[in-house]
Amino acid sequence: HRKLRRPMMRIVAWIFAALLAMLSSYLSIHRADAYSVEFKRIYFPAGKPLQSESSADIDKVLDQEQMNVLLGLLQTLKEDPIIGAEVMGSADKKECLPRECRKLSLRRAKVVFDWLLDHGIPLEQLRGPSGESIDWPLDDGETEDGRALNRRVQLEPYSLRREGTK
């Protein structure tokens, strides 16, 4: 009776170890998928950047607080290359006409997008740039503070991890 029990225990232990390994693999994949990050927004002064300004001028366009936000985003993207970012610009409804707002919001997104590329973020880690114009306001824009919230670039994070990879 005892001789039969020992091989059976080994089989049960082996099955348990196999199930545990499968479960561990399943949990790590889903934990990675559930991994989330929230990027801070970069706020721009009204009408900026100008058509003549590029990513090389971004430190003249943004104040120090917003440059620090941008530097933090750069660090996050460099430290965690499985995070991608979609770069989207927005404008407030009172700083320009609708057609001009689309162009301005795209310029905002483009200077941030190009600045990230210039500072070592690979193109594969970025999507965009896109100009959302006044289509996605954070505020109704009736006050200057509300309009300031709408003059922004935001990075929407996404995972670069492929299904089934660790």
Side-chain angles (χ1 to χ4, degrees), residues 13-46 48-51 53-92 101-139 141 145-166:
W14 182 84
I15 291 171
F16 181 76
L19 288 171
L20 189 60
M22 286 177 13
L23 181 61
S24 173
S25 174
Y26 173 82
L27 289 176
S28 69
I29 290 171
H30 289 283
R31 218 180 6 243
D33 291 343
Y35 179 80
S36 70
V37 66
E38 188 173 324
F39 292 133
K40 289 185 176 181
R41 297 175 181 100
I42 304 156
Y43 296 101
F44 281 76
K48 294 286 188 158
L50 301 174
Q51 289 180 359
E53 294 173 320
S54 69
S55 61
D57 303 307
I58 201 162
D59 60 333
K60 296 175 191 106
V61 172
L62 297 177
D63 65 23
Q64 190 57 51
E65 181 181 354
Q66 296 310 306
M67 279 304 299
N68 289 340
V69 170
L70 187 56
L71 289 166
L73 294 170
L74 175 68
Q75 182 177 354
T76 299
L77 290 169
K78 281 186 171 184
E79 288 175 355
D80 204 342
I82 66 156
I83 298 175
E86 183 174 358
V87 183
M88 300 177 296
S90 293
D92 84 68
C101 283
R102 178 129 348 254
K103 291 177 185 176
L104 176 58
S105 64
L106 180 58
R107 277 198 313 272
R108 286 179 176 150
K110 185 163 177 28
V111 298
V112 170
F113 185 93
D114 290 347
W115 187 88
L116 290 169
L117 289 175
D118 294 345
H119 287 81
I121 301 301
L123 183 59
E124 300 79 32
Q125 204 172 347
L126 298 173
R127 289 184 190 155
S130 65
E132 305 299 323
S133 187
I134 58 173
D135 297 339
W136 303 102
L138 296 177
D139 190 272
D145 288 344
R147 289 188 292 277
L149 290 174
N150 294 333
R151 297 189 295 260
R152 70 190 186 281
V153 167
Q154 61 189 62
L155 278 62
E156 288 296 322
Y158 62 91
S159 174
L160 292 172
R161 185 167 281 161
R162 302 282 185 252
E163 184 91 15
T165 61
K166 291 186 180 181

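Note: hydrogens, waters and symmetry copies are ignored here, and every other heavy atom, side chains too, is used.
Using a 4.0 Å cut-off between charged nitrogen and carboxylate oxygen, Glu53 and Lys48 count as a salt-bridge pair.
Leu62 is not listed as a side-chain neighbour of Val69, based on a closest heavy-atom distance of 4.5 Å or more. Contact annotation: the side chain of Asp145 never approaches that of Asp139 to less than 4.5 Å [non-hydrogen atoms, C-beta and beyond]. Looking at Val87 and Val153, their side chains come closer than 4.5 Å, going by heavy atoms from C-beta outward. Considering only heavy atoms from C-beta on, Met67 comes within 4.5 Å of Ile58 through its side chain. Side-chain contact between Asp92 and Phe44: absent, with no pair of heavy atoms (C-beta onward) separated by less than 4.5 Å. Side-chain atoms of Met88 and Arg152, non-hydrogen and from C-beta on, never get closer than 4.5 Å to each other.
Ser55 places no side-chain N or O within 3.5 Å of a backbone atom of Val111 that could act as its donor or acceptor partner. A donor-acceptor pair is defined here as one N or O able to donate and one able to accept, closer than 3.5 Å; such a pair exists between the side chain of Asp57 and the backbone of Ser54. Put simply, the side chain of Asp63 gets close to the backbone of Gln66: a donor and an acceptor are under 3.5 Å apart.
Considering every non-hydrogen atom in both Ala109 and Gly89, the closest pair reads CB-N, 3.5 Å. What you find for Pro129 and Leu106 is that their closest heavy atoms are O-CD1, 3.8 Å. Heavy atoms only, all atoms of each residue included: Gly84 and Phe39 are closest at O-CE1, 4.3 Å. In this structure, Tyr43 and Leu149 approach most closely via the heavy-atom pair CE2-O, 3.3 Å. For the residue pair Cys101 and Ile134, the shortest heavy atom distance occurs at SG-CG2, 4.0 Å. When all heavy atoms of Ser105 and Glu132 are compared, the closest pair comes out as OG-N, 3.4 Å.
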Original post:
side chain to side chain donor-acceptor pair (under 3.5 Å) between Gln154 and Glu156: does it pass, once the steps are laid out?
Top reply: CA-CA 6 Å; Gln154 61 189 62; Glu156 288 296 322; 2.9 Å; yes
Original post:
Do Ser90 and Asn150 pass the side chain to side chain donor-acceptor pair (under 3.5 Å) test, and can you show the C-alpha distance, the side-chain angles, and the key distance before you say yes or no?
Top reply: CA-CA 6 Å; Ser90 293; Asn150 294 333; over 6 Å; no
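To the nearest 0.5 Å, atom NZ of residue Lys40 and atom CG of residue Leu70 are 12.5 Å apart. Here the OG-CZ distance, from Ser130 to Arg102, works out to 9.0 Å after rounding to the nearest 0.5 Å. With rounding to the nearest 0.5 Å, the separation of CD in Gln125 from CD1 in Ile82 is 10.0 Å. Atoms CG and CD, on Leu73 and Gln75 in that order, are 10.0 Å from each other to the nearest 0.5 Å. Taken to the nearest 0.5 Å, the CG atom of Leu160 stands 8.5 Å off from the CD1 atom of Ile83. Here the straight-line distance linking atom CZ of Phe113 with atom CG of Leu126 works out to 5.0 Å at 0.5 Å rounding.
Judged by a 6.0 Å distance limit and a 45° cone about the ring axis, Arg127 is positioned over the six-membered ring of Tyr158.
Considering only residues two or more places apart in sequence or on other chains, Asp59 meets the salt bridge (charged side-chain N to carboxylate O under 4.0 Å, His left out) condition with none of them.
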